[in-house]
Amino acid sequence: MHNIQDVPQPAPADNASPSSVTSVNPEFGSAEEQPLLSVAGLSKYYGDRAGCLNVSFDLYPGEIIGIVGESGSGKSTLLNCISGRLSPTYGTVTYQQQSKERCDIHAAPEHLRRMLMRTEWGYVHQNPRDGLRNNVSAGANIGERLMGVGMRHYGNIRSKASSWLERVEIMQERMDDLPRTFSGGMQQRLQIARNLVSNPRLIFMDEPTGGLDVSVQARLLDLLRELVADMGLAVVIVTHDLAVARILAHRLMVMKGGVVVESGLTDQVLDDPHHEYTQLLVSSILQV
Amino acid sequence: MNVMIDVQKVSKNFILHNQNGTTISVFNNLSLQVHAGECIALYGQSGAGKSTLLRSLYANYKPTAGAIAIRHGENMIDIVSAPPRKILEVRKHTVGYVSQFLQVIPRVSALNIVAEARKELTGNTEEALEKARTLLHRLNIPERLWNLAPATFSGGEQQRVNIARGFAVDYPVLLLDEPTASLDAINRQIVVDLIHEAKAKGTAVVGIFHDDEVREAVADRVIDMQSMENAA
Amino acid sequence: MTHTTIGQDSRQGQPDEALLEHGYNFAFLDEQTKRMVRRATLKAIAIPGYQVPFASREMPMPYGWGTGGIQLTASIIGQQDILKVTDQGADDTTNAVSIRSFFQRTTGVSTTENTQEATLIQTRHRIPEETLSKDHILVYQVPIPEPLRWMEPRETETRKMHAHEEYGVMHVKLYEDIAHHGHIATSFDYPVQIADRYIMSPSPIPKFDNPKMDNCPALQVFGAGREQRIYAIPPYTKVHSLDFEDHPFTVQSWEEVCSLCGSDESYLDEIILDNEGNRMFVCSDSDYCRKRLEAGHTGAMSEQQSDTPEVNSVEVANA
């Protein structure tokens, strides 16, 4: 058993401690909203080594949080724990379902977790091959979630798939082609459509622009920005690219060695970084 | 008159961890109030902390000590301690910021950049686009450029798109960082007019104006950052 | 008991005792193994459509020859049973003859080609045309028992999908068919849902036979030897062939009728007659076809046949 006392507890330079001035304003009225996702004291140990350590945050509907940090900083471990793909050693992840019922993701029965993953949640992998069904057509890839929730009208499934192809800017005549005949950018857009077709509320993204050319990245980013805003999605996005984080995320968590060293409003963290590591990260960006 | 911005004993240091922990103190114990319909010009030489203060008012920089209360609807919100969600809400409804440089987002057209904040606030896309067209037209951006992404625009064009963006929403608080820096005389005057109109609607304006003429035309009070420093 | 068999196999006319090989346990398998298989079979009947793992034994024939079905038959068969073995509808192909002979030699039970006379029918790739009764047990030979395998290669994952009833991918497969062919082109091993719960592979029978499984009075058991799975459909169980609302399940139909017996209701095999491309269609179920001929039905080519139709001569085309 790990003794949590042995591990130096981080004191994250949190840019945003709870306000004392904040009060409920009926005019703007979002103060009473419940968090969609609450992460509390999440730690994941691999043997004696902590993959991520004592991470806590709340995510509200429509909010986009970026997790940044270099390779090995624990951001992927954290994402996997939050999304229920990996069991944390300590801590809880609570999700408020569409039905308003709250569930502890890791204590919930497996079927609920799996059901959420293909209905209310989405997961966009860095490599689209990991997120697509590669032996069936683009249309079938998009239609899968619909069929998974019991849609049994071929014509309706097809027209829905077709409108989603259009939304992610893939020509409709490619609908019956296999994903492997698509370019990397198209595959990534297809993966996004496949996730969004079920009208999810929460999307996890692991370096969604990772393997793409810069020009293709820009197009994808813009598309993501639009879709996320239109659908009011909450997003947890892991990226090492601070430019991507700046464009997409409302707020950031900076990770180093499994610990969140700084968090806060995206532009505040990037323009006025307090932690040594964040300053190093920000100053390491090559200026073009 | 309503106090829109209440800066209370604010200090700002930068600690450069990667440069041997050098500490740069920009200002100390600075206090300031801005009322509705008032325009304050921040004045001082380069490095005096004008931009740092302005950015702190937008919560882009986080002061080391003190509080910055902004009137948000019926409440005063301390944006130094407010959580990110609250700050985003304050920015959406209350505080507008025109920076020196336009942040270009790939593939988004000038028209949409200008309309975006208003669209998000009101939910009325068509009305927001109409407002954007009016402003772009007024700021003499040729119509053929409206549907292009501004990455390829000249410095002056980008700056005017940026100004249109800031004025597209009638923010109760407007922060302007050298809005006329790369503008010709005609467009400078248009910006001055826009500021006057905003003030008339009760907007509290805080700005940095390198151009003496513009500053004299719009400012009700000039705050000398050096003297503020000394006063502290 | 006395029982007459019909057919070309001369050995079948002889007393069964003469064929019995001594030195083997009844039905080849030892009693413990048969018990184990019966336990798995009972579990399979209790959970209709669920694939029950069992410790499949090495049999004195290769996998793919129906070792799953043979182990089931061996565990179920008793002295009083009358066994029919059919392969793609025919009782006289190599596979059917070998399996029948195997059980004759290890059990001494009576065998038949007559569907109505049989109590136990082991089949490969067909369900007999004649309506089965509650006195029948139908044993299917199954090569690949997992209907989700085509979409999901991981066994750990398919088991979870069955457990949580996550069957969306089965429709993805049918969707692909329609997208590429304009209709559901799957015509064999067409997936079914049993009692509104488990999705099951009916083994490679033509979808023409799928409706016969629904509400069938006979017990249907399925054995996959290599994959070590047994599953079952208890008598009178709902069997639904998957489809879309706007692309409902249909069975194959032919413009032709059987050239021998003239049947327009049976599953037909197409047989190439010569290098000129002449062809004929005949019933795939040889027992059904012969009975119709005996009852006086005729088809376009039945005059050319001798009194006992040589259905056998054309079975090569079935393989």
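Values reported hereafter were calculated over all heavy atoms of this structure, with side chains retained and with hydrogens, waters and symmetry mates removed. So that the names make sense, note that chain A is the first sequence line, chain B the second, and so on, each numbered from 1. Remember, it's a predicted structure, so these values are computed and weren't measured experimentally.
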Chemist: Rounded at 0.5 Å granularity, tell me how far OG in S283(A) sits from CG in L16(B).
Modeler: 10.0 Å
Chemist: Between R219(A) and chain B, with a heavy-atom cut-off of 4.5 Å, which part of the residue counts as in contact: side chain, backbone, both or neither?
Modeler: both
Chemist: Top residue by heavy-atom pair count (under 4.5 Å) with chain B, among D222(A), L221(A), I247(A)?
Modeler: D222(A)
Chemist: Please determine whether the number of non-hydrogen atoms from other residues, nucleotides or ligands lying under 6.0 Å from atom CD of E126(B) exceeds 12.
Modeler: yes
Chemist: Would you mind reporting whether V108(B) and R225(A) have side-chain heavy atoms less than 4.5 Å apart?
Modeler: yes
Chemist: Start with the C-alpha distance between D267(A) and R91(B), add both sets of side-chain angles, then the distance that settles salt bridge (charged side-chain N to carboxylate O under 4.0 Å, His left out), and finish with yes or no.
Modeler: CA-CA 12 Å; D267(A) 62 278; R91(B) 285 181 182 178; 2.8 Å; yes
Chemist: About how many Å separate NE2 of H250(A) and CZ of R85(B), when rounded to the nearest 0.5 Å?
Modeler: 11.0 Å
Chemist: At a heavy-atom separation under 4.5 Å, does Q19(B) approach chain A through its side chain, its backbone, both, or neither?
Modeler: neither
Chemist: Strictly distance-based, threshold 3.5 Å: is any side-chain N or O of Q279(A) a donor or acceptor partner for the main-chain N or O of I15(B)?
Modeler: yes
Chemist: Does any N or O in the side chain of H17(B) come within less than 3.5 Å of the main-chain N or O of H274(A), such that one atom is a donor and the other an acceptor?
Modeler: yes
Chemist: Compare all side-chain heavy atoms of Y61(B) with those of Q268(A) and state whether any distance is below 4.5 angstrom.
Modeler: no
Chemist: Where on K12(B) is there a heavy atom nearer than 4.5 Å to chain A: the side chain, the backbone, both, or neither?
Modeler: side chain
Chemist: Quick check against the 3.5 Å criterion: does D271(A) have a side-chain atom that pairs as donor or acceptor with the backbone of N60(B)?
Modeler: no
Chemist: With a 4.5 angstrom heavy-atom cut-off, which part of I87(B) approaches chain A: side chain, backbone, both or neither?
Modeler: side chain
